[in-house]
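Note on naming: letters A, B, ... go to the chains in the order of the sequence lines (proteins, then strands), and numbering restarts at 1 for each one.
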2 protein chains.
Amino acid sequence: MMNADITAQAEQIVGLIINAWKNQNKQVSQYFSQYPADLYASEIAPGRNRASYLLGHLIAVNDGMIPLFGFGEKLFPDLEEIFLRNPDRAVSEVHSIDQLKAYWERLNQTLQAHFDSMSVDQWLDRHTAVSPEDFALTPSRNKLNVLLSRTTHQAYHIGQLKLLKGG
Amino acid sequence: MMNADITAQAEQIVGLIINAWKNQNKQVSQYFSQYPADLYASEIAPGRNRASYLLGHLIAVNDGMIPLFGFGEKLFPDLEEIFLRNPDRAVSEVHSIDQLKAYWERLNQTLQAHFDSMSVDQWLDRHTAVSPEDFALTPSRNKLNVLLSRTTHQAYHIGQLKLLKGG
């Protein structure tokens, strides 16, 4: 096999992962545009998170990839306190569902622009939360693995969202 | 970069995906061993699937990878009618939760043994549900992409299972 073909394999596989990520993003976007805005203030199951909280949570978690991948500062650091450090309803509501939806789309565009410019070497390089020494011992602590884990995290919450109305 | 290093990259990335798959498997196994057997007969949310149905569903879906990857026949073809073609409670109960748990472990071991012996080329080859002609047009219809999609499918249902008791 030619050298170029082998490089192409790694690139192809990274492409599959990015695509899996995009598919989960799309499902979230579709879910939050298919019902009237009021519905998203409902709990996904009795006593459980509201759909709107889960959207804020997904934004806050995914936004963490910006500093983790060394792209810069979080776009929406104010979501952290409400949607990451606290459970639903613990902090008083300040974002409308439309605002969260706009944040979601802006975040996805920002992340995608970065992802599209990354080489396989960059994907397999360490993220900023692991030291060079620890990374030498555990090379799986790379950016691509974070993206994989963010992808399954998204699927996990989509499964829950779908319990609310149809699914 | 050396040829061997480049091959290693593709192998490393396949390893990350297999690991993500295993992690989801482990979460399902842990979930179904942490509570008394009775609990799994409960619905994950009012009027929704019972936890036991979701376990049968995950086995039936994952079992489909055996013929899809050309490994042979499904281990548990009798689950198809109950857990794939019909919704929960449509077909009368024939499997105990302990039986399903044993199926689950046996299926994971069988799949894992096959996965561990596969090369990157084999992962990137077509699965049996796509013709050579279609595969030439859409090379993403490969086995690795199926495994990725089964991984997010599992995460989707784990998110739902976790709504039942704690989580």
Is it the side chain or the backbone of [X] that comes within 4.5 Å of chain A heavy atoms, both, or neither?
{"X": "B/N49", "value": "neither"}
{"X": "B/L148", "value": "side chain"}
{"X": "B/I17", "value": "both"}

*Please flag which part of A/N142 lies under 4.5 Å from any non-hydrogen atom of chain B: side chain, backbone, both or neither.*
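Just the side chain, heavy atoms under 4.5 Å.
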
*Against chain B, label A/Q154 side chain, backbone, both or neither, depending on which of its atoms sit under 4.5 Å from a heavy atom there.*
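Interface part for A/Q154: neither.
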
Taking the side chain from [X] and the backbone from [Y], do they hold a donor-acceptor pair closer than 3.5 Å?
{"X": "A/E80", "Y": "A/L84", "answer": "no"}
{"X": "A/Y40", "Y": "A/Y35", "answer": "yes"}
{"X": "A/Y103", "Y": "A/I59", "answer": "no"}
{"X": "A/Q122", "Y": "A/S119", "answer": "yes"}

_Which one wins on heavy-atom pair count under 4.5 Å against chain A: B/N19, B/T152, B/V120?_
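Counting heavy-atom pairs under 4.5 Å, the top option is B/T152.
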
*When heavy-atom pairs shorter than 4.5 Å are enumerated against chain A, which of B/I158, B/V14, B/T151 gives the highest number?*
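Most heavy-atom pairs within the cutoff with chain A belong to B/I158.
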
*B/S52 and B/L100: which non-hydrogen atoms are nearest, and at how many Å?*
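Reported closest heavy-atom pair: O-CD1, 3.6 Å.
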
*Of all heavy-atom pairs between B/L164 and B/A51, which one has the smallest distance, and what is that distance?*
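Heavy-atom minimum between the residues: CD2-CB, 3.9 Å.
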
*For chain A, which residues from residues 123-137 of chain B lie under 4.5 Å away (heavy-atom distances)?*
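So the qualifying residues are B/L124.
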
*Are A/D88 and A/R50 close enough, and set up right, to give a salt bridge (Lys or Arg N to Asp or Glu O under 4.0 Å), and what steps lead you there?*
CA-CA 7 Å; A/D88 192 13; A/R50 291 170 300 164; 2.6 Å; yes

_Pairing donors with acceptors under 3.5 angstrom, does anything connect the side chains of A/Q27 and A/N23?_
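Note: A/Q27 and A/N23 side chains miss the donor-acceptor criterion.
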
*asked:* Under 3.5 Å, is there a donor on one side chain and an acceptor on the other for A/D78 and A/H95?
replied: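 Yes, side-chain donor-acceptor contact under 3.5 Å.
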
